[in-house]
There are 2 protein chains.
Amino acid sequence: MRVLRTGVSAVAPLPPSELQAQQAWLNTIIKGDCVAALEKLPSKSVDLVFADPPYNLQLGGDLHRPDHSKVDACDDHWDQFASFEAYDAFTRAWLLAVRRVMKPDGSLYVIGSYHNIFRVGAILQDLGFWIMNDIIWLKSNPMPNFRGKRFTNAHETIIWATKSKDAKPTFNYDALKTFNDDLQMRSDWHLPLCTGAERLKDDGGQKVHPTQKPESLLYRVLTASSKPGDVVLDPFFGTGTTGAVAKKLGRNYVGVEREQAYIDAAEARIGEIETGDASTLEMQKGKRSERRIPFGSLLETGVLKPGAKLTCSKGRYYAIVRADGSLKSGDHTGSIHKVGALVQGQQACNGWTFWHIDTGQVRKPIDDLRQEIRSRLHT
Amino acid sequence: MRVLRTGVSAVAPLPPSELQAQQAWLNTIIKGDCVAALEKLPSKSVDLVFADPPYNLQLGGDLHRPDHSKVDACDDHWDQFASFEAYDAFTRAWLLAVRRVMKPDGSLYVIGSYHNIFRVGAILQDLGFWIMNDIIWLKSNPMPNFRGKRFTNAHETIIWATKSKDAKPTFNYDALKTFNDDLQMRSDWHLPLCTGAERLKDDGGQKVHPTQKPESLLYRVLTASSKPGDVVLDPFFGTGTTGAVAKKLGRNYVGVEREQAYIDAAEARIGEIETGDASTLEMQKGKRSERRIPFGSLLETGVLKPGAKLTCSKGRYYAIVRADGSLKSGDHTGSIHKVGALVQGQQACNGWTFWHIDTGQVRKPIDDLRQEIRSRLHT
DNA sequence: TCTATTCATGAATCGACTT
DNA sequence: TAAGTCGATTCATGAATAG
């Protein structure tokens, strides 16, 4: 087994120095176990690490959707660990290996879900890493919760850490602020899942990797915490999203991956990428559309109180607001929309404009109350 | 020092049983250290716990300076390790105390930031708690990052956990869905900070508590994971947001707090709250909690007659109703569910929504017929 | 060619009750 | 306790298909 593979993308996009040009591992994928492979790299050689380690999901039996189709779960062998202890030992080992190759002012990003991220975060702290932020990737289109037993798991957590408290990592504050319409970039990132043409598929049309990350996510990480010519390491390279974005943005990458199938897909993918003129590249922007205010917010915020009486504009129908945000009108209960439709005997109804509330001498639609909350949120 | 304080709000809002009315600690604030105070409570007596623990018990104020100014604290590895260890020991102690008083199917919510939440989450898992979700409170109006060295820290993390993997916690799925305009509730909650009139101020206009949580946050937690009459514990009661919302929503509360000033503020605050009346506190129920109507009832009541023809929504499949409540479709016979599955070649099928009947010009699911019987039974 | 409808799918720790 | 039965349960998006 060759330890170093020189793939189609072996030429560094932007080697800023003679020294880097001599390093054979730049812009390659190293095949093998993460810890062993990282021993091939010199210490203090990496500016930025993005790590998407196994999440250690502990799934039960099969899960079916309401239409009885089966959910294609992430049940690969590499995600299975015998115990929390085993997962912790694995995590400590790769974090130490990564720590050695990081430059003193380098940055580390680790992504995970509630299954593993708390263990990763605690171990990071135990090893002396310094957490700069935790960042929330909010998925605009997550998979729903089919059984109605939990909240829709609509996000993942990313930890940004440095090697020590004293580190002074790259942080392109102004670039991010400009990108974000002159507002500071926040710790919540609204980005869609990796789907469509970006999602790598095999000949059979099946996804190549169960957990391919969107390029928009890496784009934001690299834009925030690296400079052109920097070296970006991904110790769990998978199908190479990190390498693809690094090449696009004129950064050098180095990946570590165990599965040959993923390496092949990644090399083909990165080979097709051209390093762009950075000024022409555009980050995928978060949705800035006006946020939805659910009816329940009127109760949470106290704008409306449980027991309040709502009427239609003419006072012909009425309903009582219950604490959980449902309405009750005679035998009918349900959302403002559902009850609005039921009392009128119609198929559908916009509860926001149908239901009114009497305040003093004025009867106004509850949509006005929502507007009040919106203006509060904006200030 | 009195261990039990019977404040202005000592009367339980909704004691559902004689037993609870006899328990002196219900709807009181217990003054003292969290672990010691919880020993006064019987085991398995609490339905829901909301905990907002200190972030830095032994770490000093270092971690939380909003201006990120350099701290002159000892930062060598040993001290750092010792500090985290002390925090971990504290966390383990109060989580074990809470675990004892939780009912087997009770829920625990813990809120924190990146400074402490990873340690809390890992310890939760180590102690055998089972994480149901992590929830992100997204602040619509967070404090900006003044120095431009990090992302604006615009969120906090809440962990929802049960005592064990096998627990079956209260989760008012349908109420939350109705609350959220008929979309299932997600793990990201967009809520503003506690400001304005809701924020408790002392005579000098200074905020009474540095980290008062908004009532909207507790409203959602209690709406999700408790029922009217439940017992809600807050082991770090502060100025009593948990108690205030519990009383509003007809839940019993019990708080633990060390600082007399906070206890005074909380008792005054809760004393002014009025509990909503029972009908408005009723939660939107799902179908599962409604009375079961077997298919045979449709025949018994004459809503459906033997020999009736059922079809799927598109009319592609059909079946004949037999007098014993079974269906016959070609060679397939059996229950509405079994025959529905068989004709589609699937493992399972909800016959109530799969099979339809033509009534005049409308084709409607037989579930509607069941609904008619239900409403008849209610009147 | 354009529009409307249907279909597929994404890191998921995803029953409850009776016999 | 284990097995069998009943029957509850999904949102956003893009691609494919139909009109």
Side-chain angles (χ1 to χ4, degrees), chain A residues 52-76 78-81 84 87 111-117 137-157 192-199 201 205-207 209-214 236 238 287 292, chain B residues 125 129-134 160-162 164-169 171 173-174 177 180-187 285-290 292-295 313-314 334-338 340-341 347-355 366-367 370:
Chain A
D52 184 11
Y55 285 10
N56 190 23
L57 299 184
Q58 293 162 49
L59 305 176
D62 289 343
L63 177 65
H64 292 88
R65 304 165 191 274
D67 64 3
H68 305 300
S69 64
K70 192 178 163 211
V71 173
D72 184 15
C74 176
D75 52 3
D76 303 67
W78 48 256
D79 197 50
Q80 311 290 327
F81 290 83
F84 282 133
Y87 187 80
I111 187 168
S113 68
Y114 67 84
H115 310 85
N116 71 322
I117 199 66
W137 171 28
L138 292 157
K139 304 175 182 182
S140 51
N141 49 346
M143 176 144 50
N145 183 291
F146 296 117
R147 306 309 282 267
K149 296 297 170 187
R150 305 176 178 215
F151 298 100
T152 306
N153 195 6
H155 72 276
E156 293 188 27
T157 300
L193 295 170
C194 178
T195 57
E198 188 187 327
R199 189 80 194 227
K201 305 276 174 61
Q206 297 298 304
K207 56 191 178 193
H209 194 282
T211 70
Q212 186 182 340
K213 295 291 176 287
F236 305 97
K287 291 189 174 177
R292 201 171 60 85
Chain B
Q125 292 178 314
F129 286 92
W130 189 248
I131 298 180
M132 298 291 291
N133 278 112
D134 59 337
W160 170 28
T162 57
S164 75
K165 184 177 181 176
D166 304 321
K168 303 197 185 315
F171 184 60
Y173 175 78
D174 290 283
K177 188 172 175 178
N180 194 35
D181 295 350
D182 295 328
L183 291 175
Q184 60 177 208
M185 189 70 82
R186 303 174 22 136
S187 58
K285 290 197 181 88
K287 284 188 179 172
R288 190 163 263 145
S289 56
E290 292 182 39
R292 198 173 79 89
I293 308 283
F295 180 65
S313 60
K314 294 164 197 163
S335 71
I336 52 172
H337 314 295
K338 187 179 170 189
Q347 292 284 323
C349 166
N350 182 350
W352 288 109
T353 51
F354 177 73
W355 293 112
I366 57 177
D367 198 34
R370 179 167 63 161

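Each chain gets a letter, A, B and so on, in the order its sequence line appears, and its residues count up from 1. Heavy atoms only: backbone and side chains are in, while hydrogens, waters and symmetry mates are out.
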Exercise for review: Specify the separation, in whole Å, of atom CG of A:Asp67 and atom P of C:dA8.
Suggested key: 8 Å
Study note, to complete from the structure: To the nearest angstrom, the NE2-C1' distance between A:His68 and C:dC7 comes to 16 Å
Review point. Side-chain contact, heavy-atom cut-off 4.5 Å: A:His64 with A:Val71?
Key: no
Study note, to complete from the structure: Of B:Arg186 and B:Lys287, the one whose nearest nucleotide on DNA chain D sits closer to the 5' end is B:Lys287
Practice item. Would you kindly compare A:His64 and A:Asn141 by the position of their nearest DNA chain D nucleotide and give the one closer to the 5′ end? Key: A:His64
**Study point:** Whole angstrom value for the distance that separates P of D:dT9 from CE of B:Met185
**Key:** 17 Å
Check your understanding: Can we say B:Asp367 and B:Arg370 salt-bridge, meaning some charged N sits less than 4.0 Å from an Asp/Glu carboxylate O?
Key -> yes
Review point. Can you find a side chain N or O atom of A:Arg65 that sits less than 4.0 Å from OP1 or OP2 on D:dT9?
Key: no
Practice item. Answer yes if the side chains of B:Ser335 and B:His337 hold a donor-acceptor pair under 3.5 Å, and no otherwise. Key: no
**Study point:** Euclidean distance, atom OH of residue B:Tyr173 to atom C1' of D:dT10 [Å, nearest integer]
**Key:** 7 Å
Review point. So do A:Met143 and A:Leu193 actually touch side chain to side chain, heavy atoms under 4.5 Å?
Key: no
Point to revise | Rounded interatomic separation in angstrom, taking CG from B:Asp182 and P from D:dC11 | key: 9 Å
Point to revise | Qualifying salt bridge (charged side-chain N to carboxylate O under 4.0 Å, His left out) pairs, either residue in residues 140-156 of chain A, two or more places apart | key: A:Lys139-A:Glu156
Practice item. Verify side chain to side chain donor-acceptor pair (under 3.5 Å) between B:Ser164 and B:Asp166, making sure each step is shown before the conclusion. Key: CA-CA 5 Å; B:Ser164 75; B:Asp166 304 321; 4.7 Å; no
Check your understanding: Taking atom P in both D:dG4 and C:dT13, what distance in whole Å separates the two?
Key -> 29 Å
Check your understanding: OP1, OP2 of D:dC6 versus side-chain N and O of B:His337: anything below 4.0 Å?
Key -> no
Review point. Nearest-Å distance, NZ (A:Lys201) to P (C:dT9)?
Key: 8 Å
Review point. Mind checking whether B:Phe171 and B:Trp160 have ring centres under 6.0 Å apart?
Key: yes
Review point. Could you write nucleotides 11-16 of chain C as a row of B, S and -, 5' to 3', where a protein heavy atom under 4.0 Å of any base atom gives B, of only sugar-phosphate atoms gives S, and otherwise -?
Key: BBBBSS
Practice item. Please work out if B:Pro294 contacts a base, only the sugar-phosphate, or nothing of the nucleic acid, heavy-atom cut-off 4.0 Å. Key: nothing
Review point. OP1 or OP2 of D:dT5 sitting under 4.0 Å from any side-chain N/O of B:Arg292?
Key: no
**Study point:** Distance in angstrom units between B:Arg370 CZ and D:dC6 P, rounded
**Key:** 13 Å
Check your understanding: With rounding to whole Å, what would you report as the distance between C:dA8 and D:dT10 at their C1' atoms?
Key -> 13 Å
Practice item. Using the P atom on both, measure C:dT18 against C:dC14 and round to a whole Å. Key: 23 Å
Practice item. Give the C-alpha distance, both sets of side-chain angles, the deciding distance and a yes or no for side chain to side chain contact (heavy atoms under 4.5 Å, CB included) between A:Lys70 and A:Leu63. Key: CA-CA 6 Å; A:Lys70 192 178 163 211; A:Leu63 177 65; over 6 Å; no
Check your understanding: Is C:dT13 in the syn range, within 90° of 0, or in the anti range?
Key -> syn
Review point. Do other residues, nucleotides or ligands put more than 12 heavy atoms under 6.0 Å from A:Lys207 NZ?
Key: yes
Review point. Looking at side-chain heavy atoms only, is the closest gap between A:Pro210 and A:Trp78 below 4.5 Å?
Key: yes
Check your understanding: Can a side chain N or O of B:Lys177 be found less than 4.0 Å away from OP1 or OP2 on D:dT10?
Key -> yes
Check your understanding: DNA chain D: stems of at least 3 consecutive Watson-Crick or G-U pairs, cut-off 3.5 Å?
Key -> C:2-10 with D:11-19, C:15-19 with D:2-6
Check your understanding: Expressed in angstrom and rounded to an integer, what is the separation of B:Phe354 atom CZ from D:dT9 atom C1'?
Key -> 17 Å
